[in-house]
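As structure tokens, the structure follows; a few thoughts come after it.
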Amino acid sequence: DAGVIQSPRHEVTEMGQEVTLRCKPISGHDYLFWYRQTMMRGLELLIYFNNNVPIDDSGMPEDRFSAKMPNASFSTLKIQPSEPRDSAVYFCASSLQGLNADTQYFGPGTRLTVL
Amino acid sequence: GESVGLHLPTLSVQEGDNSIINCAYSNSASDYFIWYKQESGKGPQFIIDIRSNMDKRQGQRVTVLLNKTVKHLSLQIAATQPGDSAVYFCAESNQAGTALIFGKGTTLSVSS
């Protein structure tokens with residue numbers, strides 16, 4: 001298995017632009033997670049899905065952020081409009097049965113820079 | 001230990017030494033804990049986990065110790081190697097048991 005795949009690996013954009021980050025989870029994993037990592041705040045959970053359904057989006061910072069999972073093999077995290085403070089590394093992770101029964105496998109991340 | 005500011009705590013060791021990385025968790029109801037390793041430019045990688053009904057768990061060259069009384073978790077790495085250099089995170093499951101809360105991490109630096 002190729003593991004969790006994320007694209008793009010690097011994204012540089014200007015303030016106000018729309019940014020879409022993409023994730024392909026490991027085949028067969030029922031849970032998908034989006035995280036944001038910054039030096040200031042460490043690794044923060046933004047949202048997670050179970051069987052393509054958003055379960056907890058309490059970590060999404062504000063309405064500018066949205067996430068979708070149209071099918072079991074694809075998810076997007078969108079920021080519109082983007083702001084410089086959104087600059088961070090965004091990780092997608094997937095797991096087989098959630099956290100108490102399994103562990104999460106992380107993708108390589110997307111490094112987002114908003115100028 | 002856990003960072004409270006901009007800079008991650010750093011542990012510097014010599015190759016071959018044993019390393020101990022500490023973590024204080026926040027929720028006494030947490031029942032699942034994981035240690036992750038994150039190398040530069042990569043995502044976190046699972047190392048070892050432990051459930052709250054255990055005090056100790058061993059893997060290959062790694063041991064996790066859990067002290068629920070003081071809400072303390074530690075990761076011991078035996079015979080540390082340069083390839084162990086990375087940032088190490090502890091994580092605890094939240095009350096719903098379906099999401100992890102991560103600490104900010106500790107940087108381990110191994111010199112030859």
Side-chain angles (χ1 to χ4, degrees), chain A residues 2-10 21 23-26 29-51 53-60 67 88-111, chain B residues 1-10 21 23-27 29-54 57 59 62 64 66 75 86-107:
Chain A
V4 176
I5 299 173
Q6 291 187 246
S7 65
R9 293 295 309 276
H10 302 273
L21 312 180
C23 175
K24 176 179 169 57
I26 294 172
H29 281 194
D30 294 333
Y31 286 80
L32 183 140
F33 305 80
W34 280 102
Y35 287 89
R36 176 173 68 177
Q37 185 178 45
T38 63
M39 280 299 296
M40 283 287 290
R41 302 172 69 91
L43 198 61
E44 303 172 281
L45 176 66
L46 301 177
I47 185 172
Y48 73 93
F49 296 81
N50 180 21
N51 292 322
V53 177
I55 303 300
D56 184 353
D57 65 353
S58 59
M60 297 285 263
V89 181
Y90 291 81
F91 289 104
C92 176
S94 70
S95 71
L96 188 58
Q97 296 176 4
L99 297 183
N100 276 325
D102 203 354
T103 57
Q104 296 182 11
Y105 293 85
F106 283 77
T110 296
R111 182 173 294 276
Chain B
E2 292 299 305
S3 171
V4 293
L6 289 175
H7 301 288
L8 297 179
T10 299
I21 301 172
C23 176
Y25 64 92
S26 57
N27 185 356
S30 293
D31 62 357
Y32 184 52
F33 305 88
I34 300 179
W35 279 101
Y36 282 90
K37 171 185 179 183
Q38 186 175 18
E39 297 174 277
S40 180
K42 297 182 179 179
Q45 178 185 6
F46 169 81
I47 302 175
I48 191 169
D49 60 358
I50 189 169
R51 298 195 184 280
S52 59
N53 61 353
M54 301 173 68
R57 190 167 188 216
V62 295
V64 56
L66 176 63
L75 177 70
V87 177
Y88 289 81
F89 297 93
C90 66
E92 60 181 299
S93 66
N94 66 2
Q95 289 183 336
T98 53
L100 288 173
I101 300 171
F102 287 80
K104 287 189 173 63
T106 296
T107 299

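Worth saying up front: this structure is predicted, and the values here are computed from it rather than measured.
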ask   = Side chain, backbone, both or neither: which part of A:R9 has a non-hydrogen atom closer than 4.5 Å to chain B?
value = side chain

query = By a 4.5 Å heavy-atom criterion (distance strictly below it), what part of A:Q6 contacts chain B: side chain, backbone, both, or neither?
reply = neither

key: A:Y35 ring center near A:F106 ring center (under 6.0 Å)   = yes

query = Has the side chain of B:R57 got a donor or acceptor atom that lies under 3.5 Å from a matching backbone atom of B:D49?
reply = yes

task = Apply the side chain to side chain contact (heavy atoms under 4.5 Å, CB included) test between B:I50 and each candidate in B:D31, B:L66, B:I34; give the one that qualifies.
result = B:L66

request  = Give me the ring orientation class for B:F89 and B:F102: parallel if the planes are under 30° apart, tilted from 30 to 60°, perpendicular past 60°.
outcome  = perpendicular

query = Between B:Q45 and chain A, which part of the residue has a heavy atom less than 4.5 Å away: side chain, backbone, both or neither?
reply = neither

